[in-house]
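Below is one structure, written out as structure tokens; the observations come after it.
Hydrogens, waters and symmetry mates play no part in the numbers below; they use all other heavy atoms, side chains included.
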Amino acid sequence: MTSLSASLVRGAVTSPFKHPGRADATLPTDRLTLPAAPAAPGPLAAYRRICGFPAPESRPLPLPYPHVLAFPLAMRLMTGRDFPLPVVGLVHTWIEITGHRPVQPGEALEPTVYAAELTAHRRGTEVTMVTEARVGGELVWESRSGYLSRHATKGGAGPKGEEGPKAGAGPKAEEAQAPALPAVAEWRLPGDLGRRYGAVSGDRNPIHLHPLTARLFGFPPGHRARHVDGGPLPGRGGRWAGRTRR
């Protein structure tokens, strides 16, 4: 069993025993690191194909690819006993990526992952995960990601003092209180794209794999994230930010 598969099994077992929304919840202080190694050519080529990145092996790594390499570390941390949120049903809501310089496929990349903070959200509790990647001690890439654990709230304040929905409020009531966000782009995607991406990246998110598993977690069949804010930003090495409406 691979380390990622073991984390998925551990997450399925431990999630029912975790209770998000506790006022005294704290995050683990561990920083998990993978040994420095170049990207494996086969998985990298498959990732380029599925995501539409240029194929020549001499090109730098696609900007999001270190996130894929570090994903097993993030899963190991989020499925640990001392992580306060259940990983089953956890929704990736946003990501901000900064590439400090292009990273070549042959460079030995050393990823590190840690949990940075817990924040209130109108639909539950959100954790911010940080990933850093170094080459020979030099920080060449980093990202911050938000993962939402959906649960009933007590009508308290949301992020930055925003008033959240009352306990028991349905999705329509929550959407009515949500600020309007401009739609930057929408894509029509094939129904099997989530399964194909999961096979390449290891990120087999149930809500993207099949209509039945999406419904189990409260999402409509054929659920696709709506990209409401984000895109490439100019800068040395490259920057990218994206958020989805949940």
Point to revise | side chain to side chain contact (heavy atoms under 4.5 Å, CB included) between Leu77 and Met129, intermediate numbers included | key: CA-CA 10 Å; Leu77 193 61; Met129 302 293 292; 3.6 Å; yes

Practice item. Answer yes or no: is there a side-chain heavy-atom contact under 4.5 Å between Leu85 and Leu118? Key: yes

Exercise for review: Return the minimal non-hydrogen interatomic distance between Pro60 and Arg48, and the atom names on each side.
Suggested key: O-NH2, 3.2 Å

Review point. Donor-acceptor pair, Thr125 side chain versus Pro20 backbone, under 3.5 Å?
Key: no

Review point. When the ring centroid of His92 is compared with that of His67, is the distance short of 6.0 Å?
Key: yes

**Study point:** For the student: nearest non-hydrogen atoms of Gly80 and Lys18, plus distance
**Key:** O-NZ, 2.7 Å

Review point. Do the side chains of Val127 and Tyr114 join up, straight or via other hydrophobic residues, at under 4.5 Å, putting them in one cluster?
Key: no

Check your understanding: Going from CG on Leu61 to CG on Leu69, what distance comes out if it is rounded to the nearest 0.5 angstrom?
Key -> 7.0 Å

Practice item. Answer yes or no: is there a side-chain heavy-atom contact under 4.5 Å between Leu90 and Met78? Key: yes

Practice item. Check whether any side-chain heavy atom of Thr128 sits under 4.5 Å from a side-chain heavy atom of Ser145, and report yes or no. Key: no

Study note, to complete from the structure: Value for CE (Met75) from CZ (Phe83), rounded to nearest 0.5 Å, stands at 10.0 Å

Practice item. Treat each ILVMFWY residue as a node, draw an edge where side-chain heavy atoms are under 4.5 Å apart, and state whether Leu32 and Leu27 are in one component. Key: yes

Check your understanding: For Arg101 and Val135, what are the C-alpha separation, side-chain angles and deciding distance, and is it a side chain to side chain contact (heavy atoms under 4.5 Å, CB included)?
Key -> CA-CA 11 Å; Arg101 69 164 175 81; Val135 173; 3.8 Å; yes

Check your understanding: Is it true that Val130 and Tyr147 fall in one hydrophobic cluster, defined by side-chain heavy atoms closer than 4.5 Å?
Key -> no

Check your understanding: Would Ile95 end up clustered with Val103 when hydrophobic side chains under 4.5 Å apart are linked, directly or stepwise?
Key -> yes

Check your understanding: Okay, side chain of Trp141, backbone of His100: is any donor-acceptor separation there less than 3.5 Å?
Key -> no

Point to revise | Charged N-O contact under 4.0 Å between Arg134 and Glu142 | key: no

Check your understanding: Do the side chains of Glu117 and Arg144 get nearer than 4.5 Å, heavy atoms only?
Key -> yes

**Study point:** Reported CG-to-OG distance for the pair Leu63 and Ser143, which is rounded to 0.5 angstrom
**Key:** 9.5 Å

Review point. Looking at OG of Ser149 and NE2 of His19, how far apart are the two atoms once the value is rounded to the nearest 0.5 Å?
Key: 12.0 Å

Study note, to complete from the structure: CG of Leu148 to NE2 of His121, rounded to nearest 0.5 Å, is 5.0 Å

Exercise for review: Can you see which heavy atom on Pro38 is nearest to which on Gly106, and at what distance?
Suggested key: CB-O, 3.6 Å

Exercise for review: Give, for atom OG1 of Thr112 and atom CG of Leu73, the distance between the pair rounded to the nearest 0.5 Å.
Suggested key: 7.5 Å

Point to revise | Under 3.5 Å side-chain donor-acceptor pair for Thr33 and Glu110 | key: no

Review point. Closest approach of Asp82 and Pro28, non-hydrogen atoms and distance?
Key: OD2-CB, 3.4 Å

Review point. Is it true that a side-chain atom of Ser15 and a backbone atom of Val88 form a donor plus acceptor pair closer than 3.5 Å?
Key: yes

Point to revise | Any pair counted as salt bridge (charged side-chain N to carboxylate O under 4.0 Å, His left out), so long as it reaches residues 24-37, sequence neighbours left out | key: Arg22-Asp24

Check your understanding: For Tyr47, which residues count as a ring pair (Phe, Tyr, Trp, His ring centres under 6.0 Å) partner, sequence neighbours excluded?
Key -> Phe53, Tyr65

